[in-house]
Amino acid sequence: MSVAVHLAGITKRFPGVVANDEVDLEVEEGSVHALLGENGAGKTTLMNVLYGLYQPDGGTVHVHGDSREFYTPRDAIDAGVGMIHQHFMLVDTLTTAENIVLGHEPRKWGGLAMDRAQAERDVRELGERYGFDVDPEAKIEDVSVGVQQRVEILKALYGGADVLILDEPTAVLTPQEVEDLFGVFEELAAEDKTIIFITHKLGEAMDAADEITVLRDGRNVGTVDAADTTREELAELMVGREVLLEADKEPAEPGDVGLSVSDLRVTDDRGVEQVSGVNIDVREGEVFGIAGVDGNGQSELVGAITGLRAPESGTVRVDGRDVTDLSRRERIENGMAYVPEDRQKRGLVMDFDLVENGLLGSQHTAPFSDGGRIDWAESREHARGVIEEYDVRPNDPDAEAESLSGGNQQKFVVGREFARDPEVVVASHPTRGVDVGSIEFIHERILDLRRAGKTVLLVSSKLDEVQQLSDRLGVMYEGEVVDVVDPDRVTEEELGLLMAGQIPEDAPSIADAVGGEP
Amino acid sequence: MSIADSRRGRWIAALLVLLGIVVALELFAGVLGVLVDIVDANYLRAVLRLTVPIAFAALGGIFAEKSGVINIGLEGLLIISAFTSIAVAGLLGGGDATQAELWIGFGSAVLASVLFALLFAVVCIEFKADQIIAGLAVWLIALGLAPFASKVIWGQVNSPPIATLNNWTLRIPTTDVVLFDASPPVFMMLISVPVAWYALNRTAFGRWIEASGENPKALDTVGVDVRKVRYTGVLLSGFFSGLGGAGLALGRVGQFIGGGTTMVNGRGWIGITAYLFGNYNPLGAFGASFLFASLDALQIRLQQLGYNVPSELIGIIPYVTVVVVLAFVGRTRLPSAAGDHYESGEE
């Protein structure tokens with residue numbers, strides 16, 4: 001087999017950062033290659049160089065043995081390299097066929113008209129060849145994300161690509177769609193197409209790829225055969241040290257009730273009741289986890305506790321004080337920190353720099369403000385402190401939040417919230433979209449809070465996360481906490497049943513949800 | 001809401017508005033009885049002539065906005081071309097300009113409008129000016145420049161009257177039976193509307209215009225130059241507005257009137273409401289233009305017949321209609337990237 005893509009010594013610098021540092025990469029023709037690494041490891045940058053979006057500061061690109069210089073994506077496409085971005089490049093109002101042939105429309109009547117029948121035939125043929133099921137006449141805005149992704153793949157193939165780059169292709173897909181996509185990879189590889197896909201999920205790389213290249217800090221730290229590697233080896237390559245897949249956790253020493261929620265009822269924006277009488281008591285020095293399939297009232301519950309959504313009835317107490325009617329600001333002053341699930345919408349202002357973002361929520365309190373004016377020097381020190389302690393990259397308080405990778409944004413938000421020295425922390429999906437190394441780091445910080453006797457409410461749809469960190473675990477289903485269980489004794493099957501609203505017969509339930517002993 | 005529903009909703013809204021107008025007129029003057037007398041061939045002819053500037057402005061606006069550049073300077077382009085057509089024809093032939101001289105004036109007017117649109121395009125695409133502000137500037141500049149130039153040429157804001165273009169007559173071949181007899185701009189409009197529809201919906205270029213306004217990056221990454229597509233869209237808005245302005249001046253009035261809001265008198269703005277009402281479809285935009293023009297003609301006719309309907313009241317109907325349509329019928333889908341600048345290679 002010949003080499004389809006050979007990157008030799010690629011170096012790409014951005015102001016203050018070396019995104020790629022002499023990276024070598026060889027991809028066999030007709031193979032599936034995973035580019036694995038943490039957020040900010042330089043995977044996307046490397047692929048953007050191959051696709052002509054960035055010009056490298058050093059190194060060479062070879063496609064099918066020929067040395068190439070790509071100044072625009074057009075050059076890369078002409079050389080048979082196609083890229084499918086995380087955000088699809090599709091026109092919502094056009095049909096799938098029109099999107100696929102965009103820019104290469106078949107013509108009739110001497111070019112005066114677009115030959116739509118021909119376009120639809122071409123698309124059908126292409127789809128059948130690779131086992132895709134795509135309706136050429138459907139509008140993009142009417143089809144699912146999974147289908148849109150196929151349209152993107154077909155578009156690249158129609159444009160003549162035989163090397164396909166996919167940036168985090170599974171991020172937007174359901175588990176079933178992910179499986180289908182990996183099936184498509186096989187079909188394509190069987191037709192001698194070369195696939196390179198970017199991921200930060202170990203399991204996906206091992207499932208779908210023939211070979212895996214791991215990037216860390218912009219360097220290629222190893223290319224391994226997917227068949228003879230292990231998750232541990234990959235994880236170690238990714239973070240550069242042994243990963244603690246089990247967080248070390250000493251027994252809890254619960255104190256007084258720090259956060260108390262009673263008979264809480266909350267409706268969503270449409271007025272539909274999403275939380276139907278929830279009672280939770282979380283003690284100091286305890287992590288109370290809330291598991292459940294997304295959309296079973298977790299967001300509304302968190303909204304009502306943190307003051308972002310007014311409950312219909314019920315009370316929320318912090319250290320015994322009724323805070324139900326207090327604003328978000330007053331709750332912060334009462335010692336409640338909040339890590340929101342959507343960091344870009346709720347946690348950060350994307351075009352603020354880190355100094356300003358670090359100030360959010362404290363902009364009116366000492367030492368950052370005297371009530372009117374802001375002490376920028378103090379704020380800068382504060383942001384710098386969070387950046388140092390939480391290893392946020394780039395290490396630059398003047399960087400805009402937007403310029404950070406998702407994992408680093410999250411670390412900054414977590415750092416800011418935990419730095420409030422809160423009594424109660426509500427953390428909603430604190431590690432969503434975050435790489436392995438940062439997950440471990442954030443988990444450690446949550447356990448630190450627990451050690452310091454803080455009250456922690458953790459909401460997450462990741463079972464291993466809530467199981468590992470929680471001392472007690474409430475399972476939400478259709479707006480109610482169906483059971484509170486001991487995370488160390490409950491099995492995945494039992495949790496699965498609970499999350500589907502069924503109470504298994506011998507679940508290790510902690511009957512007394514209110515202040516039960518673990 | 002499905003598309004069929006929204007289409008029906010659109011027509012229901014149109015009918016409701018019409019009904020409201022009729023009732024209003026009835027209250028004002030008891031005109032229901034005379035309506036029957038008014039709507040005849042002459043009325044239709046007048047309506048078509050009044051439709052010309054509105055429909056051309058709307059066609060132009062569609063091309064610009066669908067490509068991603070909102071051109072609210074259509075009114076200004078109409079003014080510039082109306083003025084240029086009379087100025088050139090008048091300078092060539094004076095009060096009794098020949099048909100050839102009128103046609104030279106017509107061509108110059110279209111050219112002037114395209115050049116003005118080019119200026120707007122350069123400012124918006126090259127220098128990334130805010131499109132709304134640049135569009136307002138086009139209007140304000142035209143609104144000041146045309147009367148000023150009139151004063152320089154004719155010593156007053158209005159030109160002396162000159163001739164209008166002769167009608168074209170469509171006969172059944174080898175007979176004397178007249179099928180259609182109208183001023184040339186009316187013919188041009190009736191040809192332009194389906195051609196514009198075809199270009200937008202059936203050609204590759206039309207797909208590029210659509211992509212350029214919806215997701216320019218998608219177009220760029222398949223190797224089509226977004227800037228070129230947008231320039232073309234804006235220049236077409238200049239071309240069509242040029243036809244509209246020259247058609248208004250040379251097809252109907254035969255004079256440039258520069259006082260107040262000039263002879264264009266808001267028709268460019270109504271063109272914008274027309275294409276919004278028509279949901280960026282040239283056929284729908286033409287229908288809306290025709291509707292608005294027929295109201296205008298009705299009002300003129302009623303004045304002639306001695307019914308005193310306030311023209312200001314009729315004048316706001318297009319704007320009220322567009323508010324009703326945008327607010328309650330929905331589904332006028334603005335191009336997603338309209339108003340956004342696009343720079344190739346930016347991440």
Side-chain angles (χ1 to χ4, degrees), chain A residues 14 44-45 48 51-55 71-78 81-95 97-119 139-142 148 151-152 155-156 158-161 402-403, chain B residues 1-6 62 65-68 194-230 232-233 279-281 284 330-338 340 342-347:
Chain A
F14 292 109
T44 303
T45 305
N48 281 342
Y51 190 56
L53 277 169
Y54 296 150
Q55 274 68 59
Y71 296 104
T72 65
R74 186 74 242 166
D75 300 337
I77 292 167
D78 289 343
V81 177
M83 183 154 174
I84 289 125
H85 297 82
Q86 230 170 329
H87 303 286
F88 298 148
M89 303 276 178
L90 296 173
V91 182
D92 284 348
T93 51
L94 299 184
T95 66
E98 285 170 334
N99 267 287
I100 289 166
V101 303
L102 188 68
H104 312 87
E105 292 87 353
R107 312 279 182 107
K108 61 182 179 184
W109 303 349
L112 267 181
M114 175 184 164
D115 193 339
R116 296 203 301 177
Q118 181 67 41
K139 285 203 172 176
I140 290 298
E141 58 194 357
D142 297 330
Q148 291 182 9
V151 172
E152 278 278 31
K155 190 168 98 175
Y158 189 85
E402 203 169 28
S403 67
Chain B
M1 190 164 33
S2 80
I3 291 171
D5 280 351
S6 68
I62 290 175
E65 189 157 333
K66 265 192 140 356
S67 80
V195 167
W197 181 88
Y198 186 86
L200 283 173
N201 291 287
R202 289 289 179 270
T203 65
F205 172 69
R207 313 287 76 193
W208 297 353
I209 288 264
E210 177 103 24
S212 166
E214 284 291 333
N215 188 348
K217 192 142 200 168
L219 192 62
D220 192 22
T221 51
V222 295
V224 178
D225 189 337
V226 173
R227 284 171 60 253
K228 277 187 194 156
V229 173
R230 290 191 165 182
T232 313
N279 199 12
Y280 300 91
N281 178 341
R331 194 67 202 184
T332 288
R333 190 186 192 289
L334 272 63
S336 310
D340 296 344
Y342 181 73
E343 182 73 42
S344 182
E346 259 178 26
E347 264 299 274

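Residue numbering restarts at 1 for every chain, and letters A, B, ... go by the order of the sequence lines. Because the structure is predicted, anything quoted here is derived from the model rather than measured.
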- Could you state the interatomic distance from CE (Met89(A)) to OG1 (Thr221(B)), rounded to the nearest 0.5 Å? 5.5 Å

- Message: Looking at every non-hydrogen atom in both residues, tell me the closest pair between Arg207(B) and Leu102(A) and how far apart they are.
- Response: O-CD1, 4.2 Å

- Side chain, backbone, both or neither: which part of Tyr198(B) has a non-hydrogen atom closer than 4.5 Å to chain A? side chain

- Message: Return the CG to CD distance between Asp92(A) and Glu214(B), rounded to the nearest 0.5 Å.
- Response: 6.5 Å

- Message: If I compare all heavy atoms of Gly103(A) with all of Val222(B), which pair ends up nearest, and what's the gap?
- Response: CA-CG2, 4.1 Å

- Query: Can you check whether Leu90(A)'s main-chain N or O pairs, donor with acceptor, with Asn215(B)'s side chain at less than 3.5 Å?
  - Reply: yes

- CE-CZ distance between Met114(A) and Phe205(B), expressed to the nearest 0.5 angstrom: 14.5 Å

- Roughly how far, to the nearest 0.5 Å, is the CH2 atom of Trp109(A) from the CZ atom of Arg202(B)? 9.5 Å

- Select one option (side chain, backbone, both, neither) describing which atoms of Phe88(A) are under 4.5 Å from chain B's heavy atoms. backbone

- Item | Enclosure of Lys108(A) NZ (heavy-atom neighbours >12, cutoff 6.0 Å) | yes

